[in-house]
J.: 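Before I ask anything, let me first share the structure, which is written out below as structure tokens.
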Amino acid sequence: RSEKQKFKRYFHADSSNTSAVGFDYISAIQADAKGNMLVGTHGQGLGIIKKRSGQIVQLHKANNSLHSDIIKKIYKTEAGIIWVGTNQGIVQLIEDEQGFRTIFPFEDNSPIVQQLQQSEILSLSENPKVTLWIGTENNGLFRYNSKTKQLDHYKQENNLPSSLAANSIWSMFTDRDGILWLGYYF
């Protein structure tokens, strides 16, 4: 005997559809700690489907919530911090008494921070609860230490065999021993 599966469907927004969303190209999905679904799009920002009410909140460049409406990656750390990577940098998503909003977590406007905020974010991983690794398109790897607020940048260097193999890091994974594995595009 087989059980029938039931699926909740969300459609592209139109005036007659109450369960509609304002996006049609979904590039990333992640649940937050409360079970809300975070839906990243390619061109229409970030949609948040609230678990309890089903209400859809949209954050995008036009309402100053994001630097770009092209979401590449959404990542939840072990501590429940949500990072949203776009084609123009990275932000943290927080929910407080005012609702959902994004914040820029870096405290300075140094050249390394500017480089990160001009990068297309392709991959994210966490390494022992303190370090966030940020992989980019053509701009290498960034390491952010959330305790010290230190941001470091690593790039491929042609004559240095111990450097990155390439500067486009499409995927990454931190294994249980804390070793960071990188997937490149050459």
Side-chain angles (χ1 to χ4, degrees), residues 23 26-41 45-61 63-110 112-137 139-154 164 169-183:
F23 28 89
I26 296 172
S27 54
I29 300 174
Q30 175 69 56
D32 70 8
K34 295 180 180 178
N36 300 309
M37 294 307 298
L38 313 173
V39 181
T41 71
L46 180 69
I48 302 163
I49 304 170
K50 292 187 173 185
K51 182 178 181 177
R52 291 187 183 219
S53 67
Q55 176 191 9
I56 299 169
V57 176
Q58 288 189 264
L59 303 177
H60 42 81
K61 188 174 181 176
N63 64 16
N64 295 318
S65 298
L66 298 169
H67 296 156
S68 169
D69 287 335
I70 299 175
I71 308 300
K72 303 300 271 185
K73 185 74 175 172
I74 304 170
Y75 184 79
K76 180 174 69 173
T77 67
E78 286 186 28
I81 296 169
I82 301 291
W83 291 90
V84 179
T86 74
N87 71 329
Q88 295 177 355
I90 190 167
V91 294
Q92 279 184 7
L93 177 69
I94 61 170
E95 182 182 15
D96 57 20
E97 60 279 348
Q98 299 159 358
F100 288 95
R101 61 189 175 94
T102 59
I103 60 169
F104 182 66
F106 307 104
E107 296 176 355
D108 63 24
N109 199 23
S110 66
I112 193 170
V113 170
Q114 290 177 25
Q115 279 191 321
L116 176 61
Q117 289 308 100
Q118 294 168 2
S119 296
E120 182 174 345
I121 308 303
L122 299 179
S123 55
L124 298 165
S125 187
E126 184 180 21
N127 188 348
K129 301 181 184 181
V130 174
T131 301
L132 180 73
W133 292 100
I134 305 165
T136 69
E137 172 72 28
N139 202 13
L141 180 68
F142 291 83
R143 179 179 65 184
Y144 177 63
N145 183 310
S146 60
K147 296 254 192 253
T148 65
K149 309 294 186 205
Q150 177 74 31
L151 183 65
D152 298 308
H153 188 201
Y154 304 92
L164 296 176
I169 302 168
W170 283 72
S171 60
M172 65 175 72
F173 175 74
T174 304
D175 69 19
R176 64 181 172 188
D177 295 324
I179 297 171
L180 181 67
W181 295 80
L182 302 175

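In this chain, numbering begins with 1 at the start of the sequence shown.
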J.: List the steps, then state whether side chain to side chain contact (heavy atoms under 4.5 Å, CB included) holds for Phe173 with Trp133.
T.: CA-CA 10 Å; Phe173 175 74; Trp133 292 100; over 6 Å; no

J.: Nearest 0.5 Å please: distance from the CD1 atom of Ile90 over to the CG atom of Leu116.
T.: 6.5 Å

J.: Do you know which two heavy atoms are closest between Ser171 and Ser123, and how far apart they sit?
T.: CA-CB, 3.8 Å

J.: Yes or no on side chain to side chain contact (heavy atoms under 4.5 Å, CB included) for Lys50 and Phe100, after CA distance, side-chain angles and deciding distance?
T.: CA-CA 11 Å; Lys50 292 187 173 185; Phe100 288 95; 3.7 Å; yes

J.: Hey, are the side chains of Ile169 and Leu164 touching, using non-hydrogen atoms and a 4.5 Å cut-off?
T.: yes

J.: Is there a donor-acceptor contact under 3.5 Å linking the side chains of Ser68 and Asn87?
T.: yes

J.: Evaluate the side-chain proximity of Trp181 to Asp175: yes if any heavy-atom separation is below 4.5 Å, no if none is.
T.: yes

J.: Do Ile48 and Leu93 have side-chain heavy atoms sitting under 4.5 Å apart?
T.: yes

J.: For the atom pair CG (Leu46) and CD1 (Ile70), what is the distance rounded to the nearest 0.5 Å?
T.: 14.0 Å

J.: Between Glu95 and Lys34, is the closest basic N to carboxylate O distance under 4.0 Å?
T.: yes

J.: Could you check if a side-chain atom of Asp152 sits within less than 4.5 angstrom of a side-chain atom of Leu141, using non-hydrogen atoms only?
T.: no

J.: Could you state the interatomic distance from CG (Asn36) to CD1 (Ile49), rounded to the nearest 0.5 Å?
T.: 9.5 Å

J.: Search all heavy atoms of Leu124 against all heavy atoms of Lys73 and return the closest pair with its distance.
T.: CD1-CG, 3.8 Å

J.: Determine the minimum heavy-atom distance between Leu151 and Ile112, stating which atoms define it.
T.: O-CD1, 3.3 Å

J.: Just checking, any donor-acceptor pair under 3.5 angstrom between side chains of Thr174 and Ser125?
T.: yes

J.: Got a second to check how far Gln114's CD is from Ser119's OG, nearest 0.5 Å?
T.: 11.5 Å

J.: With a 4.5 Å heavy-atom cut-off, do Pro105 and Trp83 have their side chains touching?
T.: yes

J.: With no hydrogens and no angle check, is any side-chain donor or acceptor of Asn139 less than 3.5 Å from a backbone partner on Ile121?
T.: no

J.: Are Lys76 and Asp32 within salt-bridge range, i.e. N to O under 4.0 Å?
T.: no

J.: Roughly how far, to the nearest 0.5 Å, is NZ of Lys61 from CG of Leu59?
T.: 15.0 Å

J.: Looking at Lys72 and Thr86, what are the two nearest heavy atoms and their distance?
T.: CG-C, 3.8 Å

J.: How far apart are the closest heavy atoms of Gly135 and Met172, and which atoms are they?
T.: N-CE, 3.3 Å

J.: Over 60° means perpendicular and under 30° means parallel, so tell me whether Tyr144 and Phe106 are parallel, tilted or perpendicular.
T.: perpendicular

J.: Taking C-beta and beyond as the side chain, do Ile81 and Gln92 meet within less than 4.5 Å on heavy atoms?
T.: yes

J.: Roughly how far apart are Gln88 CD and Asp69 CG, rounded to 0.5 Å?
T.: 9.5 Å

J.: May I ask you to test the Leu132-Tyr75 pair for a side-chain heavy-atom distance under 4.5 Å?
T.: yes

J.: In sequence, state the C-alpha distance, the side-chain angles, and the governing distance for Met37 and Lys51, and then conclude on side chain to side chain contact (heavy atoms under 4.5 Å, CB included).
T.: CA-CA 7 Å; Met37 294 307 298; Lys51 182 178 181 177; over 6 Å; no

J.: Any idea which heavy atoms bring Ile74 and Gly40 closest together, and the distance?
T.: CD1-N, 3.6 Å

J.: Please examine the side chains of Arg101 and Ile94, heavy atoms only from C-beta on, and report whether any two atoms are closer than 4.5 Å.
T.: yes

